[in-house]
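Order of listing sets the numbers, starting from 1, for every ligand and every atom in it. We're numbering straight along the sequence, starting at 1. None of these values were measured; they are calculated from a predicted model.
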Amino acid sequence: MDIVKLVDCVDFSAKKHRNQRRKNAAETPYINHPVGVARILAKEAGVSDLATLQTTVFDLVSLQAAILHDTVEDTDTTFEEIEKQFGKEVRDIVDDVTDDKSLPKMERKRRQIEHAPHCCPKAKLVKLADKLYNLRDLDQEIPQGWTKERAQEYFQWASQVVQGLRGTNKEMEASLDELFAKHGVVVET
Ligand code: NDP
Ligand code: ZN
């Protein structure tokens with residue numbers, strides 16, 4: 001049953017991220033982030049109003065991948081573990097949104113820009129929701145130890161990643177564009 005599969009992902013991700021915190025002053029439990037990313041997909045990317053005649057863009061595997069998207073990058077989780085427990089389609093999406101941690105940080109950031117247009121459509125959805133969540137966090141509060149300039153650079157870099165994800169979901173892209181405009185990021189269209 002779909003709902004059981006989803007709850008299983010939430011349980012798995014919560015256990016894997018149990019000792020991690022976000023970078024805000026309140027040190028919010030990390031699990032709030034993947035759950036929030038899935039919520040953006042569920043509530044903001046899909047269309048529940050039949051009057052608009054638009055179809056829902058997310059599905060179970062994209063929600064599962066959203067919940068699991070940082071487990072390999074940030075915990076001891078392996079892709080094999082994800083495939084065994086949640087199947088190959090979920091694994092492939094998580095793979096598409098996972099940075100190679102063996103590379104230097106700046107190289108990883110460059111590769112995200114380069115790789116974004118080549119992600120599968122469901123991975124693009126997860127990446128858009130992930131960037132939207134992180135930029136909303138930064139819009140609310142600059143992480144401890146960060147300068148305003150560093151947050152601004154993050155907005156600039158994120159806009160370049162988002163550039164390669166465009167044409168995937170107009171609702172999330174419009175929300176991202178509002179944030180870019182608010183933070184003075186010039187977006188090429
Ligand atoms: P980081 O990559 O270090 O941090 C941003 C990531 O942290 C986000 O992508 C998000 O990833 C996660 N995150 C956790 N909590 C928050 C939060 N509250 N708000 C937003 N994101 C959050 O940032 P940078 O890209 O700025 O830094 C890249 C590298 O450069 C690092 O090694 C850093 O130490 C170094 N550096 C950069 C400077 C700069 O001016 N840019 C200055 C000094 C050092 P996720 O979705 O995976 O949780
Ligand atoms: Zn994330």
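Closest protein heavy atom to atom 13 (N) of ligand 1: Arg22 NH1, 3.5 Å. Remark: minimum distance from atom 6 (C) of ligand 1 to any protein heavy atom is reached at Lys23 NZ, 3.6 Å. Atom 19 (N) of ligand 1 has Asp137 CB, 3.5 Å as its closest protein atom, hydrogens excluded (heavy atom only). Looking from atom 46 (O) of ligand 1 to the surrounding protein, the closest heavy atom is Asn134 ND2, 2.9 Å. Closest protein heavy atom to atom 25 (O) of ligand 1: Lys109 NZ, 2.3 Å. From the protein, the heavy atom lying nearest to atom 30 (O) of ligand 1 is Met106 CE, 3.2 Å.
No heavy atom of Trp157 sits closer than 4.0 Å to any atom of ligand 1. Under a 4.0 Å heavy-atom criterion, Glu141 is not in contact with ligand 1. Residue contact check for ligand 1: His33 places a non-hydrogen atom closer than 4.0 Å to it.
Taking 4.5 Å as the limit, every side-chain heavy atom of Val61 sits out of range of all side-chain heavy atoms of Phe86. Within the 4.5 Å cutoff, no side-chain heavy atoms of Pro143 are placed close to those of Arg150. Side-chain contact between Glu173 and Val187 is absent, with no heavy-atom pair separated by less than 4.5 Å.
Put simply, the side chain of Ser62 never gets that close to the backbone of Lys122: no donor and acceptor are under 3.5 Å apart.
Residues Asp70 and His17 bring no donor and acceptor atom of their side chains to less than 3.5 Å of each other. Of the N and O atoms on the side chains of Asp96 and His115, at least one donor lies less than 3.5 Å from an acceptor on the other residue.
Crowding of Lys101 atom NZ: a count of heavy atoms from other residues, nucleotides or ligands under 6.0 Å exceeding 12.
For ligand 1, the atoms sitting less than 4.0 Å from at least one non-hydrogen atom of Asp130 are 46 (O), numbered in the order shown with element in parentheses. Under a 4.0 Å criterion applied to the non-hydrogen atoms of Tyr30, ligand 1 contributes the atoms 45 (P), 47 (O), 48 (O). Applying the 4.0 Å criterion to heavy atoms of Asp70 picks out, from ligand 1, the atoms 45 (P), 46 (O), 47 (O), 48 (O).
An N or O contact shorter than 3.5 Å links Tyr154 to ligand 1 by distance.
With distances taken over non-hydrogen atoms, the option nearest atom 33 (C) of ligand 1 out of His69, Lys105, Arg150, Glu153 is Arg150.
In this pair, Phe155 and His183 present their aromatic rings parallel. The plane angle is below 30°, not in the 30 to 60° band.
Asp70 lies close to the Zn ion (ligand 2), since one of its N, O or S atoms is found at a distance under 2.8 Å.
His69 contributes atom NE2 as its closest N/O/S atom to the Zn ion (ligand 2).
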Going through the checks in order, is the salt bridge (charged side-chain N to carboxylate O under 4.0 Å, His left out) test met by Lys16 and Glu81? CA-CA 12 Å; Lys16 292 291 190 176; Glu81 211 178 344; 3.0 Å; yes
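Of the residues listed (Asp74, Asp130, Thr28), the one engaging His33 in a side chain to side chain donor-acceptor pair (under 3.5 Å) is Asp130, and it is the only one.
Because its NZ or CZ atom is both nearer than 6.0 Å to the ring centre of Tyr30 and within 45° of the ring axis, Arg22 counts as a cation-pi partner of that residue.
Centred on the Zn ion (ligand 2), the angle running from Asp130 (OD1) to His33 (NE2) is recorded as 80°, rounding to 10°.
Counting heavy atoms closer than 4.0 Å to ligand 1, residue Tyr133 contributes nothing at all.
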